[in-house]
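Lettering follows sequence order; numbering is per chain, from 1.
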Amino acid sequence: MTRPVEIPALLGPTASGKSALALELAAALGGEIVSADSMQLYRGLDLGTAKPSAAEQRQIPHHLIDVLDLEAPSDVFSYVAMADAAIADIAGRGRVPVIAGGTGMYLKALFYGLDDLPRDAGLRARLDAEYDSEEGFAALLRRMAAEDPAALERWSRHRRRLIRALEVRLLTGESIIALQSRAGSGLRHPVRAWVLEWPREELKRRIAERTRLMLDSGWIEEAERLLSAGLAATPTARQALGYGLIGEYLAGRMGYGELAERIATATWQLARRQITWFRHQHPEAAPLAMPAAAGELLADLQKRHSALSSLRGEG
RNA sequence: GGUGGGGUUCCCGAGUGGCUAAAGGGGGCAGACUGUAAAUCUGCUGGUUGUACCUUCGGUGGUUCGAAUCCACCCCCCACCA
């Protein structure tokens, strides 16, 4: 079995053109796309997540898109497990996995790994029920002061992280902070990563334009359908940006102009968080100035690929 | 034309004599990030060479030791009456 010498990975904020470039890369290299997008995992979240179209998915095989029902929970570990499997599968068939995505935490965990601290779904559900509310938060703070002061100090405002810290504490008797190896030393896969970068104003403009386009091409209807099917009550998919705002629009609480503006703003805020993440959490990734450098990257990778293929006697 | 309400820092909006460069929210900027991450959370946000000075609350003038806050006139907006 031939293992690829390197796995190209395209990281970048929303609306930076990852999907399109990944498609070109995969086509040029004989590859298949491995998505790293927490929301495109879900069947049904289509227009709202700018998911690759059915035609695009026919043209190039995509992995980790449409693999979960809306009601299914998702988390980094299950993502990494699925991504590892997809990469192994693709490489095992002698194809090139092309990673593309914007979910920083998933990408970092896939590239560098995560401490496998214990978890217990039942316990977690109980803790959530008890503490994941405004009233519960105060009680959680009191309990953590006794159970795990170090975790409390680190995440004094993060309800979710404190609940997870308490879960680990109850399961192991130790503080999650002591158990974290904070390793992340070596790459788990031979990735060669780039971060797609755009001039600020241009990315903002792309986001605003894409928002309008998405709203005008069926996102509102999609949201209406999913919302009435219970999207708001799902554990993870409900966090997808925009659907809730569309719900408010449909309820008459804002006009179309305001809706478009608020979604564009929220999307820009997401993009900023992504940019910050990639700026600080991914030393392995090289900046790729869009749109100019996309063509060069394509040509460069194509050249390397054909050289490697002929070395292996495949070309 | 008349009566009433209103014009506040990028936006909305509180503030009716000193504790006000001015609450709060939004936006913006920077950052964090180990099993819900398109999530969750933190800091900064008038200017300048630091707790000092300068500029700012529609405009002008006035009262006062001191005004976004009081007075006069003017400009603009909204509601209702004509």
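Judged by distance alone, with hydrogens and angles left aside, A/R161 brings a side-chain donor or acceptor within reach of the base of B/A39, the pair sitting under 3.5 Å. Counting atom types as modelled, A/D115 pairs a side-chain N or O with a base atom of B/U34 as donor and acceptor under 3.5 Å.
Judged purely by atom type and a 3.5 angstrom limit, A/D69 has no side-chain atom pairing as donor or acceptor with the backbone of A/A72.
Close to B/G26, at under 4.0 Å from its OP1 or OP2, lies no side-chain N or O of A/W268. In terms of phosphate contacts, A/Q269 brings a side-chain nitrogen or oxygen within less than 4.0 Å of OP1 or OP2 of B/G27. Put simply, A/W277 has no side-chain N or O that comes within less than 4.0 Å of OP1 or OP2 on B/A30. Between A/R273 and B/A39 there is a side-chain N or O to OP1 or OP2 distance below 4.0 Å. The shortest distance between the side-chain N/O atoms of A/R272 and the OP1/OP2 oxygens of B/C29 is below 4.0 Å. Taking side-chain N and O atoms only, A/R160 has no distance below 4.0 Å to OP1 or OP2 of B/C33. Between B/G35 and A/Y79, no contact under 4.0 Å exists linking OP1 or OP2 to a side-chain N or O. Taking side-chain N and O atoms only, A/Q281 has no distance below 4.0 Å to OP1 or OP2 of B/U34. The side chain of A/T276 places no N or O atom within less than 4.0 Å of a non-bridging phosphate oxygen (OP1 or OP2) of B/A30. At the phosphate of B/U42, OP1 or OP2 sits under 4.0 Å from a side-chain N or O atom of A/R157. Under 4.0 angstrom from either OP1 or OP2 of B/G35 there lies at least one side-chain N or O belonging to A/R164. Dashed line: the shortest gap from a side-chain N or O of A/H280 to OP1 or OP2 of B/G31 is under 4.0 Å.
Residue A/K204 is the one, among A/R159 and A/K204, whose nearest nucleotide of RNA chain B lies closer to the 5' end (criterion: closest heavy atom).
Using a 4.0 Å heavy-atom criterion, one finds that A/S38 contacts the bases of the nucleic acid, with or without backbone contacts as well. No engagement by A/R262 is indicated, since no non-hydrogen atom pair under 4.0 Å with the nucleic acid exists. Nucleic acid contact class of A/S78 (heavy atoms, under 4.0 Å, all strands): none. Base contact: A/G48 has a heavy atom under 4.0 Å from a base atom. Residue A/D120 is classed as having no contact, given no heavy-atom separation below 4.0 Å to the nucleic acid. Across all strands, A/P73 comes closer than 4.0 Å to no nucleic acid atom at all (heavy-atom distances). Among the atoms of the strands shown, base atoms are found under 4.0 Å from some heavy atom of A/T49.
At a threshold of 4.0 Å, the pair A/E167-A/R164 counts as salt-bridged, since one of the basic side-chain nitrogens sits closer than that to a carboxylate oxygen.
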